[in-house]
Every structure is written in structure tokens, then in C-alpha cells.
Number of protein chains: 2
Amino acid sequence: MTLPIQIEHSNCGECPIRHRAVCAHCERDELEALEEIKYYRSFEAGQTIIWSGDQMNFVGSVVSGIASLTQTMEDGRTQMVGLLLPSDFVGRPGRETAAYDVIATTDIVMCCFRKKPFEELMARTPHIAHRLLQMTLDELDAAREWMLVLGRKTAREKIASLLSIIARRDATLTRGRSSGPIVFDLPLTREAMADYLGLTLETVSRQMSALKKDGIIQLEGKRHVTIPDMGRLMEEAGDDTDGGFLV
Amino acid sequence: MTLPIQIEHSNCGECPIRHRAVCAHCERDELEALEEIKYYRSFEAGQTIIWSGDQMNFVGSVVSGIASLTQTMEDGRTQMVGLLLPSDFVGRPGRETAAYDVIATTDIVMCCFRKKPFEELMARTPHIAHRLLQMTLDELDAAREWMLVLGRKTAREKIASLLSIIARRDATLTRGRSSGPIVFDLPLTREAMADYLGLTLETVSRQMSALKKDGIIQLEGKRHVTIPDMGRLMEEAGDDTDGGFLV
DNA sequence: CGTGCTCTTGAAAACCCTCAAGGGAAGTGG
DNA sequence: CCACTTCCCTTGAGGGTTTTCAAGAGCACG
């Protein structure tokens, strides 16, 4: 049941998210201060990391794996409001309780900081505060982009939008190449996709099949996706591509 | 056509948004620095304040009136991604071009700062940076709350959600009372409501009529709304109220 | 009194959801 | 090794909500 997950990166200098996380702009001495209050935690896929309404005793960064921020109504309707990827920040300085459920989508490793010390450190470390502002503004943009998807796009466009976001992220992480087919594994179940897109899982499944039938995507198994032509996918997503090269 | 709108608040100390805007936590000397780079601009209802893709030469705060942040697809589908109320901040330090259209919903007065000097000032004024982080986090929460509305609520629940947000804001601004009926004027056309809610204007109109027929709201004319029972409205919105007193 | 704008209402159609059944792969225990 | 279960996914049929298309009402303005 409980796998002993190895924590390898005790040293910030060797951390895989060193240059993208909230600590990205930190100097050596600032990193050392962070190291003193940090600790790692691992969660298995499916585990709830934070319950909405709970006391938040820590903030932190996703080191590896994927988590989701979700909101649930009384009758069970669920909406994912954020996808947390490696380097993304979890928690809100200055707030006591969590506003959303944070759920591990895959096995995940987090770099956590006790909240109080982190807030104190942030107050005297402009590099951290500034980076957090940057990241928050980016998340706000992503949330607003997603509002267009949720409010105005068709089911087919929604699926294409999600796939192109994941494809783009994968392309950034794995290599800079933009030519040739893009290949990746979907980190989400059909149900998670549905919760992200404001659809039912049946509609997700149907639209995935339709995109496959039309040659926009290729599927091996349920999760392994190949995108032969990124431009076509973006057309299906309804985004202005106008070439779309260089992503 | 062009009304000569009076700019009254040249002095920050008397500014109506003094304690809620990005300058809220500023000391006297910080305010003086802001005063040196600030200027007021007025826009009439319907005017576009900023075009998506344009160079951003200023950032600023809404002093009075309402503006909307909207995103438009090539085929004309429009989604409002933010509602800018007095004290809300416009613009993103560190970015060159605007990501969204900013449109004056009502006549509006803005307190603007030239972008470059503001960024420099922010770099050496933690009070401003900290306040901006707070405000950005609040906006992120609002955006995420709205994602649930867009993704998972029915047309009727969407309308009720919008009305309760406006009602709550009005209640906060005009007085602390929470008992008795709430009365306000809708600052949005049916079309603007539709763009906010991801609906068509016909559906908005129909659901407004339905809520009226069911006694959830009362309408005088098209814009003047009375809410006899805030609890009932929030039930219709699908929000957990559990009493809901104290707003 | 016509024009323009916002809003309302109706009828038909489209899209997505709900309900239902079943397939395929992985894991468990006999 | 093979039933059996479970989980995830696919596909079909029917129905409901919202959209689309269309017409007209109410109001302000010139």
C-alpha cells in the first residue's frame, strides 16, 4: 500500500524545479534559509493532499507529478479549477484555511515549507515575493484563458484545447523542437478531463474518439497520444494560430 | 458626445479608493511618489480602454465606474473574464502587451500610472508589491470561483450567482446591514451578463423572467432589482449557504 | 412619428447529458 | 492458469437544456 518513495533532492542546487519554482530568483543565502524550513512529502495518485476548509499549515511547490485543484458543490458536481504541474506553488500566504481540495492526480512529490516561517522569510526576501507575484499573475492568466474555454467553447474545442495545453507543456519540458509529431501520455483519466472541461466523461470519450476518427490525434491504448499536426489541433481548439510556429 | 467629466480627486488622501486600491498600505512618502507619476483618465460607457495585443503604456486603478475584461474568439464568441470594480487594478507589471480587451461598462474614471516609473517604484516599495500580490491572489480566487459557475452550473444558477455577487458587493459598499431586502441597479446589459455567464442574451432574459415569476427577484424596468430574500437567491445559485447570515 | 437600441418571447433545432450496457486490462485468489 | 472483480473506458438511445432564428414590445431620442 504505502510505497516508500525516495526523496532524492535534499539539496536545492540540484532540484529539478530550481529555476522555475517560487525560489527561482533566490541567491545562495536565501536558498539556505529556505532549506532550513523545507521538507519533502510524497503522495500517491488519488490521495487528497489538502481538504478544502482545512487549516493550512504549509505551503509548497510541486517537485514531480501532477495535482489538481478542485471545487465541489453539495450535490457532487465537481469542477477542476487548476492543474498543478512541477514547479507550481500550492497555498496562499496570508490565508488560514484552504479554499480548494488539492488532489494528487499522479504520484507526486512536494517540497513543503512551514507556513509561518515561510511568510516571515517572504517578508524580508523580495526575490521570493516578486517571484510569487509573477507566478500568481501567470496563474491568473491561465485561469482566465480557461474561462473562455469553459464558457464559450464546444465539447470538441474543449478537448482540443486541453490536449494542446498538455502538448505544449510537454514540448517545453522535453525539448525545444517544434517540428514533427508530438507524443505524450495523458496524465488524466477521462473523468478528470471531464471535471476540468465542464463536461461528462461520456462526452469526453466520444469527442476523443471523434478526434481520433478524424485523424487529429492518434491513440495507442487509452492514454498514449500522438499529435501528427499541432496546427490542425490548434485549429480544432478554436485558437488563433496564424501559423502558430514557435508555439 | 464627449462629456467634460470632472476629475475631483487630485489628492490621494481624499481618494475614495485610498484604502482598497494598490496604494492601500502606502505611507505618506510613498503616496507622494505615486502622486508624481499619476494622472486621471475618463472613459464613457462602451468605450474600449485597452485593446488586446496593444502596447501597455500605463497601469492603474478603477476609481469609479465599472469596466470589463473580455476575450474574443475569431468568430466573435466573447467571454468576459473579469469585472473591474472601483479599486481594482488594471495592467500587469512586467508585461509589454495587453492580454485582454478592457471595456468601460459604465462611465468610468481611472487613476493611471505610467508603466515604467510604476515598475521602478514597485521594485523599491514593498508595500505596493505586497498589496498587488494580495489583490492578485484575490482575483485568482474570484476567477476560480467563476470557473465553477461557467463549468458546472445551470443557466438559472448562473444568473442567481451573478445577481448574488452583485448584491453582496452592493451590500458591502452601501452599508453593513444584512437584514431586509436588497435593492440595486444592474450595471450590466443582458448581453454583458450573457458574456460573463457563458450564455446567450436570450437565455439570460428568459431566466431573469423565470426568477421574477418565481418571486426570487423583483424587477422594475429592466435594470432595477429587488431581492426580497437573499437566502433564497443563494439557494438558487447552488452555493452552500448554511444560514448565510453576515454574508 | 420614425429610428435605434435593449429586451422579451416563441418555435424549432442542436448539442450535450443521462441512463444503460458492455469491452478491455490489471489485479486477486482459488 | 483461470475465473472473478474492479476500474477505466467506449458506445448507443433517448431526452432535456440551451441555442438559434425570428418577430415584436418598450423606451429614448431626434
Is it true that R190(B) and D195(B) have a side-chain N and a carboxylate O under 4.0 angstrom from each other? no
Heavy-atom check, side chain of E145(A) versus side chain of L140(A), under 4.5 Å: no
Closer than 3.5 angstrom, by distance alone: can the side chain of R77(B) be matched with the main-chain N or O of Q71(B) as a donor-acceptor pair? no
Nearest-Å distance, CG (L186(A)) to P (dT10(D))? 10 Å
Sub-3.5 Å pairs of nitrogen or oxygen atoms, protein against nucleotides 25-30 of chain D:
none

So that I can tick it off, tell me whether R144(A) and E139(B) are bridged by a salt bridge, with the cut-off set at under 4.0 angstrom between side-chain N and carboxylate O. yes
For A67(A), the side chain to side chain contact (heavy atoms under 4.5 Å, CB included) test, sequence neighbours excluded, returns I49(A), L84(A), V102(A), I108(A)
Examine dC7(C): is either OP1 or OP2 under 4.0 Å from a nitrogen or oxygen in the side chain of R223(B)? Give yes or no. yes
Residue list, side-chain hydrogen bond (donor to acceptor under 3.5 Å, both in side chains) with Y100(B), at least two apart or on another chain: D141(A)
Under 4.0 Å, heavy atoms only, any strand: does T189(B) hit a base, just the sugar-phosphate, or nothing? sugar-phosphate
List in chain and number order the residues that pass side-chain hydrogen bond (donor to acceptor under 3.5 Å, both in side chains) with D229(A), two or more places apart in sequence or in another chain; answer none if no residue qualifies. none
Under a 3.5 Å threshold, yes or no: a donor from one side chain and an acceptor from the other, between T200(A) and T203(A)? yes
Are D101(A) and L69(A) packed together at the side-chain level, in the sense that at least one heavy-atom pair is separated by less than 4.5 angstrom? no
What residues in residues 209-220 of chain B put a non-hydrogen atom under 4.0 Å from any atom of DNA chain D? none
Using a 4.0 Å heavy-atom cut-off, write out nucleotides 10-22 of chain C from 5' to 3' as B (base contacted by protein), S (sugar-phosphate only) or - (no contact). BB----SSBB---
